[in-house]
*Asks:* 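Before anything else, here's the structure in question.
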Amino acid sequence: MIILLIALFAILAFVANMMITNRGIRIVTTVIMFVGLIASVVGVAANMNSHYGMKEVTTTTKKQIYTAGTASQGFGLLLYQGVGTNGAENVYVYRATDNAKKTTVAKPNLNTSSSMSNISGNKAYKITKTTRYVYKNATMRLMFGIGGNNHQLKNKHVIYQVPSTWVALTTTQAKSLQSKMTPKTDAEKQALAQQQAQLATLAKTDPDKAAQLQVAAVKKVLNIK
C-alpha cells in the first residue's frame, strides 16, 4: 500500500503543478502532495531501518535434551566448545532424543547467543527465546507489509539448563577425561573397582545420587568448580 501511495502522491503533485491554473490553489495542492510523498518515503525508510509500525514479540520454547555421552556413564554430559576469534559463543553437543544414534551439534550464528545455567532435578533442557518483529495492527501491516518483513527475526537466545546429575565439559576436557581417570597403579585399580561396585549398588536405589557422585569425581579430576 505505501508504494501505491508514493506513486499516487508523485502523480498528483505532477498533475496539480501542470493542470491547475489558479496559482494559489496549484501551490497549496502541490505542497500537500509533496508533503504526503515525503512522509510516505520517510515512513518506508523508518520501517526498513527502525521497524516503524512494528513491535517486538518474544516466544519461548522448552525442550528436553539428552546426554552426549553413553548410557553406561550413569550421568549426563553436555559438550561445548568456543568458536570465533574471541570464543564468545559456543557450539553445543547433545542428543535430541533419548534413543538418538547421532549427537546434535548446535552452532551459533549472528542472530543467536547462548548461555548455560544450573537447575534442580535430573533432566536437562534447552530453552529457546526468540524475538521477532511483527506489525502492531492490520493497518500497519497493510501499509508496509509488502516488504515481507512481518515476523522478521531480531535475535534468539538459547539457554542450556544443566542439573546436578549432569556435567558440562569442553570437548578438550572430554578428550582428556578418560586418561585422567584411568588408574595407574594396582592400588588405584582396586580402589576404582570398589568405587564402581558401590556406585552400581547405589544406582539401583538412588540413581540421582550415584550420578551426582560421578559428576563430583569428574569435576575434581578436571579441576572444575
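Basis for what follows: all heavy atoms, side chains included, without hydrogens, waters or symmetry-related copies.
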*Asks:* Any donor-acceptor pair under 3.5 Å linking the side chain of Arg132 with the backbone of Val57?
*Replies:*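 No, the answer is negative, given that no donor and acceptor are paired below the 3.5 Å cut-off.
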*Asks:* Would Ser72 and Thr70 count as a side chain to side chain donor-acceptor pair (under 3.5 Å) if you check the C-alpha gap in whole Å, the side-chain angles of each, and the deciding distance to 0.1 Å?
*Replies:* CA-CA 5 Å; Ser72 61; Thr70 62; 3.0 Å; yes
*Asks:* Within a 6.0 Å radius of atom CG on Asn223, are there more than 12 heavy atoms belonging to other residues, nucleotides or ligands?
*Replies:*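 No.
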*Asks:* Can you give me the closest heavy-atom contact between Lys62 and Ile127, atom names plus distance?
*Replies:*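 Of all heavy-atom pairs spanning Lys62 and Ile127, the closest is CG-CD1, 3.1 Å.
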*Asks:* Just how far is it from atom CG of Asp98 to atom OG1 of Thr67, taken to the nearest 0.5 Å?
*Replies:*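 Interatomic distance, Asp98 CG to Thr67 OG1, rounded to 0.5 Å: 10.0 Å.
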*Asks:* Just so I know, are the side chains of Glu89 and Ser113 near enough to count as touching, which here means a heavy-atom distance under 4.5 Å?
*Replies:*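 Yes, their side chains come closer than 4.5 Å.
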*Asks:* Donor-acceptor pair, distance only, cut-off 3.5 Å: does the side chain of Thr29 make one with the backbone of Arg26?
*Replies:*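 Checked: no pair found.
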*Asks:* As a quick check of understanding, evaluate side chain to side chain contact (heavy atoms under 4.5 Å, CB included) for Val218 and Leu77, giving each step before the final call.
*Replies:* CA-CA 11 Å; Val218 169; Leu77 177 63; over 6 Å; no
*Asks:* Roughly how far, to the nearest 0.5 Å, is the CG atom of Asp208 from the OG1 atom of Thr165?
*Replies:*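 Interatomic distance, Thr165 OG1 to Asp208 CG, rounded to 0.5 Å: 5.5 Å.
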*Asks:* Which pair of heavy atoms, one from Thr104 and one from Ala96, lies closest together, and at what distance?
*Replies:*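 Nearest pair, atom of Thr104 first, then Ala96: OG1-CB, 3.6 Å.
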*Asks:* Report the C-alpha separation of Leu78 and Leu169 in whole Å, then their side-chain angles, then the decisive distance to 0.1 Å, and conclude whether the side chain to side chain contact (heavy atoms under 4.5 Å, CB included) test is met.
*Replies:* CA-CA 6 Å; Leu78 176 66; Leu169 302 179; over 6 Å; no
*Asks:* What pair of heavy atoms forms the shortest contact from Asn122 to Trp166, and how long is it?
*Replies:*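 The answer is O-NE1, 4.0 Å.
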*Asks:* If we ignore hydrogens and angles and just use 3.5 Å, is the side chain of Asn90 paired with the main-chain N or O of Tyr92 as donor and acceptor?
*Replies:*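 Such a contact is absent between Asn90 side chain and Tyr92 backbone.
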*Asks:* Is Asn150 reaching over with its side chain to a backbone N or O of Tyr135, donor-acceptor style, under 3.5 angstrom?
*Replies:*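 A pair under 3.5 Å: yes.
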*Asks:* How would you list, by chain and number, every residue that makes a ring-ring contact (aromatic ring centres under 6.0 Å, His included) with Phe144, sequence neighbours excluded?
*Replies:*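 Result, ring-ring contact (aromatic ring centres under 6.0 Å, His included) vs Phe144: Tyr52.
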*Asks:* Quick one: do Phe9 and Met143 end up in the same hydrophobic cluster if we chain Ile, Leu, Val, Met, Phe, Trp and Tyr together by side-chain heavy atoms under 4.5 Å apart?
*Replies:*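 Same hydrophobic cluster.
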*Asks:* At what distance, to the nearest 0.5 angstrom, does NZ of Lys180 lie from CG of Leu222?
*Replies:*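 Rounded to the nearest 0.5 Å, the NZ-CG separation comes out at 5.5 Å.
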*Asks:* Would you please name every residue forming a ring-ring contact (aromatic ring centres under 6.0 Å, His included) with Phe34, sequence neighbours left out?
*Replies:*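 In terms of ring-ring contact (aromatic ring centres under 6.0 Å, His included), with neighbours along the sequence ignored, Phe34 is linked to no residue.
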*Asks:* For Ser176, does its backbone N or O pair with a side-chain atom of Ser179 as donor and acceptor, under 3.5 Å?
*Replies:*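 Pair found, side chain donor or acceptor close to backbone of Ser176.
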*Asks:* Checking the side chain of Arg95 only, and the main-chain atoms of Gly69 only, is there a donor and an acceptor separated by less than 3.5 Å?
*Replies:*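 Between the backbone of Gly69 and the side chain of Arg95 there is a qualifying donor-acceptor contact (under 3.5 Å).
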*Asks:* Is atom CD of Gln190 surrounded by more than 12 heavy atoms (other residues, nucleotides or ligands) closer than 6.0 Å?
*Replies:*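 Incorrect, the count does not exceed 12.
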*Asks:* Ignoring hydrogens and angles, tell me if any N or O in the side chain of Gln81 forms a donor-acceptor pair with the backbone of Thr171 under 3.5 Å.
*Replies:*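 Yes, the answer is positive, given that a donor and an acceptor are paired below the 3.5 Å cut-off.
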*Asks:* Mind listing the closest non-hydrogen atom pair of Tyr160 and Ser114 along with its distance?
*Replies:*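 The pair with the smallest heavy-atom distance is CE1-CB, 4.4 Å.
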*Asks:* Any idea which heavy atoms bring Ala168 and Gln173 closest together, and the distance?
*Replies:*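 The pair with the smallest heavy-atom distance is O-OE1, 4.4 Å.
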*Asks:* Side-chain heavy atoms under 4.5 angstrom apart, residues restricted to Ile, Leu, Val, Met, Phe, Trp, Tyr: same cluster for Met33 and Leu8?
*Replies:*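 Result: yes, single cluster for both.
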*Asks:* Taking side chain to side chain contact (heavy atoms under 4.5 Å, CB included) as the definition, give me every residue that meets it alongside Thr128, ordered by chain and number, with sequence neighbours left out.
*Replies:*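 Once residues adjacent in sequence are excluded, the partners of Thr128 under the side chain to side chain contact (heavy atoms under 4.5 Å, CB included) criterion are Thr61, Lys126, Thr130, Lys156, Val158.
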*Asks:* Could you tell me if the side chain of Met140 sits less than 4.5 Å from the side chain of Asn137, heavy atoms only?
*Replies:*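 Heavy-atom side-chain distance check passes, below 4.5 Å.
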*Asks:* Give a yes or no answer on whether the side chain of Asn22 reaches the backbone of Ile25 with a donor-acceptor pair at less than 3.5 Å.
*Replies:*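 Looks like yes, one N/O pair under 3.5 Å.
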*Asks:* Going by salt bridge (charged side-chain N to carboxylate O under 4.0 Å, His left out), name the pairs with one or both residues in residues 212-224, residues two or more places apart or in two chains.
*Replies:*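 Applying salt bridge (charged side-chain N to carboxylate O under 4.0 Å, His left out) to every pair that reaches into residues 212-224, excluding sequence neighbours, yields nothing.
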*Asks:* Just jot down the ring-ring contact (aromatic ring centres under 6.0 Å, His included) partners of Tyr133, sequence neighbours excluded, or say none.
*Replies:*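 Tyr133 satisfies ring-ring contact (aromatic ring centres under 6.0 Å, His included) with His51 once adjacent residues are dropped.
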*Asks:* Restricting to non-hydrogen atoms, name the atom on Pro108 and the atom on Val91 that form the minimum distance, rounded to 0.1 Å.
*Replies:*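 Pro108 and Val91 have their closest heavy atoms at CD-CG2, 3.9 Å.
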*Asks:* According to a hydrophobic-cluster definition based on side-chain heavy atoms being under 4.5 Å apart (Ile, Leu, Val, Met, Phe, Trp, Tyr only), do Ile65 and Val105 belong together?
*Replies:*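 No, Ile65 does not connect to Val105 through the hydrophobic network.
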*Asks:* Please list, chain by chain and in numerical order, all residues satisfying salt bridge (charged side-chain N to carboxylate O under 4.0 Å, His left out) with Lys154, sequence neighbours excluded.
*Replies:*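 By the salt bridge (charged side-chain N to carboxylate O under 4.0 Å, His left out) rule, Lys154 matches Glu56.
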*Asks:* Tell me whether Val93 shares a hydrophobic cluster with Leu177, the cluster being built from Ile, Leu, Val, Met, Phe, Trp, Tyr side chains joined at under 4.5 Å.
*Replies:*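 Cluster IDs for Val93 and Leu177 match.
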*Asks:* Which value, rounded to the nearest 0.5 Å, describes the distance between Thr60 atom OG1 and Ile159 atom CD1?
*Replies:*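 Taking OG1 in Thr60 and CD1 in Ile159, the distance rounds to 8.5 Å.
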*Asks:* Examine Leu4 and Val41 and state if one hydrophobic cluster contains both, with Ile, Leu, Val, Met, Phe, Trp and Tyr joined whenever side-chain heavy atoms are less than 4.5 Å apart.
*Replies:*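 Leu4 does not cluster with Val41.
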*Asks:* To the nearest 0.5 Å, what is the distance between NE2 (His151) and CG (Asn149)?
*Replies:*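 Atom-to-atom, His151:NE2 and Asn149:CG are 10.5 Å apart.
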*Asks:* Roughly how far, to the nearest 0.5 Å, is OH of Tyr94 from OG1 of Thr103?
*Replies:*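 It is 10.0 Å, given to the nearest 0.5 Å.
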